[in-house]
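To start, the structure itself, in structure tokens.
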Amino acid sequence: SKLEREFFELQDQLAENRDQPATTADGQPLQLLANINSWVDTKAAVAMGACGVGLYRTEFLYLTHADVPDEEEQLDDYRRIIEQSPNHRVTIRTLDIGGDKTVPYLGHAHQEANPFLGWRSIRLSFEHPDLFTTQIRAVLRAAADVKGQGREVRLMFPMITTLEEMRRVRTMVRRTKQQLQQEGQPIGEVPIGMMLEVPAAAVSLDCIMDIVDFVSIGSNDLIQYLMAADRDNPKVNHLCQPLSPPVLRVLHSVIRTCNQAQKPVTLCGEMAGQPRAFVLLLGMGLRQFSMSPAFVPRMKKLASEVSIPAAEEMLQRVLEFKTTAEVKRFMTRNLRKIAPDFELLDSV
């Protein structure tokens, strides 16, 4: 079709911008990072011009093993990922299984009535402290070689709900570091962050802020928990709208809290690659976005056509709307004016 042909032509043009830094129309630098599942995806991250990996989902390493991968196997995997990632910059998320991803060797109860609200993610890691510590050890060791400008390995914990959980994580990391130092193992300086995807954590983020080095917003889960609607259930997934006023209010508050505390904040859900949402997030003060590598060139192009004041102005208007449909209409109308390729950027 004509649209497809135009889109592929645009993709070719966009691929050429991969070595350009991402900046807004008024010269504000942005960081467009990639979400990856394995070292194979690092090639796409480099090819598409991402400036780093904003989310490495380590569960795929576990899902492809018949048993728990041991420390050396994990160490090799993390080293390889760090080595091949753009700028040797990677945020590694600890094991996030349960819900829709289960691993038989962890004795996963398939009969949980509410797997998404159940024994998953960090909750499961706390119940398997040996497995959890092994992963932390492997990340700290893998980060030992990473030094230099712009290079960084960060460790992120999924589905943090309360301050107590974050304290518990901190304690485990501290003990693991001491243990490695006693063994004479070199370890890296690794910032510790949380994945914000539970509304309780969003509401009380100011209380948790002191003990995290950074925050990554997992918007896919945050939206489904906020709307009490399973995004994989066709009967209710119409409620999971990133542009719905309650979602935008919560995101606005989270981003403001992080910026006021001067802690880095990234959004790494599907929203990061959606033009209307991307511009509103810019208006909220977000400067780091992590997305599927394929979306990086498109968002880089869109960013270059939007100034921060324009994004802030659109956000102010949007925050007055009461329905998702109004937000969508308004953003579509405005983006058509400023981004000539908006329809194409939005088409896939």
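Side chain of R287 to backbone of L282: a donor-acceptor contact under 3.5 angstrom is found. In this structure a side-chain-to-backbone donor-acceptor pair under 3.5 Å is present from T64 to L61. Proximity of a side-chain donor or acceptor of S253 to a complementary backbone N or O of R249 within less than 3.5 Å is not detected. At least one donor-acceptor pair closer than 3.5 Å links the side chain of N259 to the backbone N or O of G285. Put simply, the side chain of S307 gets close to the backbone of A310: a donor and an acceptor are under 3.5 Å apart. In terms of modelled atom types and a separation under 3.5 Å, the side chain of Q135 and the main chain of T94 share no donor-acceptor contact. Side-chain atoms of Q74 come within 3.5 Å of backbone atoms of P69 as a donor-acceptor pair (strictly under, hydrogens ignored). The closest donor-acceptor contact from the side chain of T58 to the backbone of R93 lies under 3.5 Å. At distances below 3.5 Å, at least one donor-acceptor pair connects side-chain atoms of K300 with backbone N or O atoms of R18. Judged by distance alone, the side chain of T24 and the main-chain N or O of Q28 form a donor-acceptor pair under 3.5 Å.
Within a 6.0 Å radius of CD in E71, other residues, nucleotides and ligands contribute more than 12 heavy atoms. Around NZ of K177, the count of heavy atoms belonging to other residues, nucleotides or ligands within 6.0 Å exceeds 12. Other residues, nucleotides and ligands place no more than 12 heavy atoms under 6.0 Å from the CD atom of E313. Atom CD of E270 sits in a sparse spot, with 12 or fewer heavy atoms from other residues, nucleotides or ligands closer than 6.0 Å. The number of heavy atoms from other shown groups lying within 6.0 Å of CZ (R175) does not exceed 12. Environment of CZ in R256: crowded, with over 12 heavy atoms of neighbouring residues, nucleotides or ligands closer than 6.0 Å.
Note that the CD atom of Q185 and the CG atom of L180 stand 6.0 Å from one another [nearest 0.5 Å]. In this structure, CD1 on I187 lies 9.5 Å from OG1 on T176, to the nearest 0.5 angstrom. Atom CG of L248 and atom CD of Q241 lie 10.5 Å apart (nearest 0.5 Å). To the nearest 0.5 Å, atoms CD1 (I255) and CG (L280) are separated by 10.0 Å. Separating the CE atom in M331 from the NZ atom in K328 is a distance of 12.5 Å, to the nearest 0.5 Å. Atoms CE and CE, on M209 and M194 in that order, are 8.0 Å from each other to the nearest 0.5 Å.
E197 is listed as a side-chain neighbour of M159, based on a closest heavy-atom distance under 4.5 Å. A 4.5 Å side-chain heavy-atom check between D346 and R276 finds at least one atom pair inside the cut-off. S121 has its side chain out of reach of M195: every pair of non-hydrogen atoms, C-beta onward, lies at least 4.5 Å apart. Taking 4.5 Å as the limit, every side-chain heavy atom of D70 sits out of range of all side-chain heavy atoms of T134. You'll find the side chain of R120 reaches within 4.5 Å of the side chain of D96, heavy atoms only. Under the 4.5 Å side-chain criterion, counting only non-hydrogen atoms from C-beta, M291 is not in contact with C268. The closest side-chain heavy-atom distance from I217 to L251 is below 4.5 Å. At least one side-chain heavy atom of Q31 sits under 4.5 Å from a side-chain heavy atom of R89.
At a cut-off of 3.5 Å, with distance as the only test, no side-chain donor of N35 or S292 sits close to an acceptor on the other residue. If you check the side chains of H88 and E152, you find no donor sitting under 3.5 Å from an acceptor. Between the side chains of N37 and R57, at least one donor N or O sits under 3.5 Å from an acceptor N or O.
No continuous path of hydrophobic side-chain contacts links M156 to M271 [ILVMFWY only; heavy atoms under 4.5 Å]. Linking Ile, Leu, Val, Met, Phe, Trp and Tyr whenever their side-chain heavy atoms come within less than 4.5 Å puts F342 and V327 in one cluster. Cluster membership check: I211 shares its hydrophobic cluster with V173, using side-chain heavy-atom separations under 4.5 Å among Ile, Leu, Val, Met, Phe, Trp and Tyr. In terms of hydrophobic clustering, with Ile, Leu, Val, Met, Phe, Trp and Tyr side chains grouped at heavy-atom distances under 4.5 Å, I338 and V318 are assigned to a common cluster. Neither L33 nor Y78 shares a network with the other; the hydrophobic side chains, linked directly or stepwise wherever heavy atoms of I, L, V, M, F, W or Y lie under 4.5 Å apart, form separate groups for each.
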- request: Under the side-chain hydrogen bond (donor to acceptor under 3.5 Å, both in side chains) rule, what do D206 and T257 come out as? Steps first, then yes or no, please.
  value: CA-CA 7 Å; D206 57 330; T257 300; over 6 Å; no
- prompt: Should Y62 and L95 be marked as a side chain to side chain contact (heavy atoms under 4.5 Å, CB included) after you check the CA-CA gap, both sets of side-chain angles, and the distance that decides it?
  reply: CA-CA 8 Å; Y62 289 74; L95 188 59; 3.5 Å; yes
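Across V250, T323, T324, L319, a single residue satisfies side chain to side chain contact (heavy atoms under 4.5 Å, CB included) together with P245, and that is T324. L205 pairs in a side chain to side chain contact (heavy atoms under 4.5 Å, CB included) with only one of the listed residues (V265, V212, V254), which is V254.
Salt bridge annotation for E183-R137: present, with a cationic side-chain nitrogen under 4.0 angstrom from a carboxylate oxygen. The residues R298 and D341 are annotated as not salt-bridged, no charged nitrogen and carboxylate oxygen being separated by less than 4.0 angstrom. Taking a cutoff of 4.0 Å between a charged side-chain nitrogen and a carboxylate oxygen, E83 and R79 do not qualify as a salt bridge. Salt-bridge annotation for D230 and K235: absent, with no side-chain N of the basic residue lying under 4.0 Å from a carboxylate O of the acidic one.
Among all heavy-atom pairs drawn from V306 and A311, the shortest one is CG1-CB, 4.1 Å. Residue S38 comes nearest to I81 through the heavy atom pair C-CD1, 3.6 Å, listed as atom of the first residue, atom of the second, then distance. The shortest heavy-atom contact between V190 and V153 is CG1-O, 3.6 Å. For V236 against A229, the heavy-atom pair with the smallest separation is O-CB, 3.7 Å. Nearest heavy atoms, P297 versus M48: CG-SD, 3.6 Å. Taking each heavy atom of I160 and I122 in turn, the nearest pair found is CD1-CG1, 4.2 Å.
Under the ring-ring contact (aromatic ring centres under 6.0 Å, His included) criterion, Y56 pairs with no residue at all, not counting sequence neighbours. Checked against ring-ring contact (aromatic ring centres under 6.0 Å, His included), F289 has the following partners two or more places apart in sequence or in another chain: F278. With sequence neighbours excluded, no residue forms a ring-ring contact (aromatic ring centres under 6.0 Å, His included) with Y225. F214 meets the ring-ring contact (aromatic ring centres under 6.0 Å, His included) test with no other residue; sequence neighbours excluded. Judged as a salt bridge (charged side-chain N to carboxylate O under 4.0 Å, His left out), and not counting sequence neighbours, the contacts of E72 are R141.
If you look at F157 and F126, their ring centroids are not closer than 6.0 Å.
Applying the side chain to side chain donor-acceptor pair (under 3.5 Å) test to every pair with at least one member in residues 208-218, sequence neighbours left out, gives these pairs: R170-D213.
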